[in-house]
Amino acid sequence: MSSVCAVVVAGGCGARFGNPGGKQLVNVAGKPLMTWSIRAFDRSAFVSHIVVVCPAEKMDEMRRQAIDPYNFATPITFAEAGKTRQDSTRSGVEAVPAGYEYVAIHDAARPLITAEVIDRAICSLRCESGVDGVVCGQAAIDTLKVVDGNRIVETPPRSRYWAAQTPQIFALETMRRAHAAALADGFVGTDDSSLVERMGGRVLCVDSPRDNLKVTVPEDLRPVTAILLGRMSDADAMQNTGILTPLP
């Protein structure tokens, strides 16, 4: 058995997206938004189980619309979402079946992730001794400002900053201890890595493409859809020329 289980967090209510039904089932390039994320983990060489975290009342609908029509090879189970993303992630981590060493946590609203990026990040964690986790992301390219209200008080060197994405991949037991400690202390982090960091864990950044975008508001759908359609067009062109390659 592969030692990696993916936790795909699809528990948000879509408040900023403006859709009362949430955004996870919105059609994007012919598939529900969350299906693209699940598809990438299904194609990973190292992931052999996927836990989808969503509200209990949406589990049947999500399975019917976003999972069953696509014949995924990887077993998929569900965990109930909590009131916050951190609660939802903890639920998903606790639902990982026995026998797994690592957990890869991913926002379902990042549909552009690919199996290649997932596998590279997993290999980075496995091959680096003494590391508790890895975070996919990008070194900052914009100038950053520290402000008080709207008044600039500092311009820090951007060489020290990264924009964090998902997946974020950790040793499973480390992630479980980090969640237990955060719950006991009433700590709420801005991402999964922050829970491990506060325990003194060693987490590395792993470079991932800048197009690993997150759909937060409706206007985010335009670039995401364009990229997905472009990938499908590229794959069709390669097949037409006799170069067979799987779609990312």
Side-chain angles (χ1 to χ4, degrees), residues 1-12 14 17 22-54 58-79 81 88-89 92 95-97 100 102-123 136 165-169 206 208-216 220-239 244-248:
M1 178 186 288
S2 168
S3 59
V4 183
C5 177
V7 171
V8 178
V9 184
F17 190 79
K23 61 192 172 188
Q24 307 297 353
L25 296 176
V26 170
N27 187 293
V28 182
K31 293 180 175 63
L33 176 69
M34 63 184 290
T35 300
W36 292 103
S37 294
I38 295 170
R39 186 175 187 265
F41 285 97
D42 179 63
R43 293 186 169 199
S44 166
F46 302 111
V47 173
S48 58
H49 194 95
I50 299 170
V51 175
V52 174
V53 185
C54 70
K58 292 189 175 181
M59 289 180 183
D60 289 343
E61 182 184 17
M62 286 188 172
R63 180 173 288 281
R64 185 175 64 255
Q65 293 190 32
I67 296 173
D68 288 347
Y70 299 100
N71 298 316
F72 294 122
T74 308
I76 299 172
T77 55
F78 283 85
S88 294
T89 301
V96 172
Y100 286 91
Y102 301 102
V103 59
I105 302 168
H106 185 66
D107 293 325
R110 289 188 186 271
L112 295 174
I113 192 64
T114 66
E116 290 77 13
V117 173
I118 294 166
D119 289 349
R120 187 167 67 245
I122 291 170
C123 287
C136 289
Q165 305 171 350
T166 64
Q168 300 187 359
I169 307 167
V206 176
S208 64
R210 296 190 186 279
D211 68 4
N212 183 19
L213 305 175
K214 184 177 181 180
V215 175
T216 303
D220 294 332
L221 289 176
R222 183 172 294 177
V224 166
T225 301
I227 292 168
L228 287 170
L229 292 175
R231 289 178 182 177
M232 288 187 280
S233 178
D234 290 344
D236 288 343
M238 289 179 180
Q239 288 182 337
L244 299 180
T245 183
L247 183 66

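The CG atom of L25 sits 5.0 Å away from the CD atom of Q65 when rounded to the nearest 0.5 Å. Here CG of D220 is found 11.5 Å from CZ of R222. Values are rounded to the nearest 0.5 Å. For the atom pair CZ (F41) and CD1 (I118), the distance works out to 3.5 Å, reported to the nearest 0.5 Å. With rounding to the nearest 0.5 Å, the separation of CD1 in I227 from CE in M232 is 12.0 Å. Rounding to the nearest 0.5 angstrom, the gap separating the OG atom in S3 from the OH atom in Y100 is 9.0 Å.
Closest heavy-atom contact between V51 and H49: CG2-CD2, 3.9 Å. The two residues R63 and I76 have their closest heavy-atom pair at NH2-O, 2.9 Å. Of all heavy-atom pairs between C136 and A121, the closest is SG-CB, 3.8 Å. Closest approach of S48 and T74 over heavy atoms only: C-CG2, 3.5 Å. Taking both residues in full, the closest heavy atoms of V96 and C5 are given as CG1-CB, 3.7 Å, listed atom of the first, atom of the second, then distance. Closest approach of L228 to A29, counting heavy atoms only: CB-CB, 3.9 Å.
Under the 3.5 Å distance criterion, the side-chain polar atoms of T35 are matched with a main-chain donor or acceptor of A66. With hydrogens and angles disregarded, a donor-acceptor distance shorter than 3.5 Å links the side chain of S37 to the backbone of A108. A donor-acceptor pair is defined here as one N or O able to donate and one able to accept, closer than 3.5 Å; such a pair exists between the side chain of T166 and the backbone of D107. A side-chain donor-acceptor contact under 3.5 Å links T225 to the backbone of L221. Between the side chain of N212 and the backbone N or O of L112 there is no donor-acceptor pair closer than 3.5 Å. Between the side chain of D42 and the backbone N or O of I38 there is no donor-acceptor pair closer than 3.5 Å. Of the possible donor and acceptor atoms, one in the side chain of K23 sits under 3.5 Å from a partner among the backbone N and O of V215.
Between R110 and D211 there is no salt bridge, since none of the side-chain N atoms of the basic residue sits less than 4.0 Å from a carboxylate O of the acidic one.
Counting heavy atoms from C-beta on, the side chains of C54 and F78 come closer than 4.5 Å. Contact check for P223 versus L213: side-chain heavy atoms found under the 4.5 Å cut-off. Contact annotation: the side chain of T114 approaches that of R231 to within less than 4.5 Å [non-hydrogen atoms, C-beta and beyond]. Proximity of I50 to V8: side-chain heavy atoms (C-beta onward) are separated by under 4.5 Å at one or more points. Residues V9 and H106 have side chains not in contact (no heavy-atom distance under 4.5 Å, counting atoms from C-beta outward). Looking at M62 and I67, their side chains never come closer than 4.5 Å, going by heavy atoms from C-beta outward. Put simply, the side chain of R39 reaches to within 4.5 Å of the side chain of K31, judged on heavy atoms. Within the 4.5 Å cutoff, the side chain of Y70 has heavy atoms near those of the P32 side chain.
Partners of R210 by side chain to side chain donor-acceptor pair (under 3.5 Å), not counting sequence neighbours, listed by chain and number: Q138.
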- Task: Evaluate the side chain to side chain contact (heavy atoms under 4.5 Å, CB included) criterion for residues T77 and V52: first the C-alpha distance (whole Å), next the side-chain angles of each, then the deciding distance (0.1 Å), finally the verdict.
- Result: CA-CA 6 Å; T77 55; V52 174; over 6 Å; no
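Results of the side chain to side chain contact (heavy atoms under 4.5 Å, CB included) test with S44 over V117, I113, I122 single out I122 as the only residue that passes.
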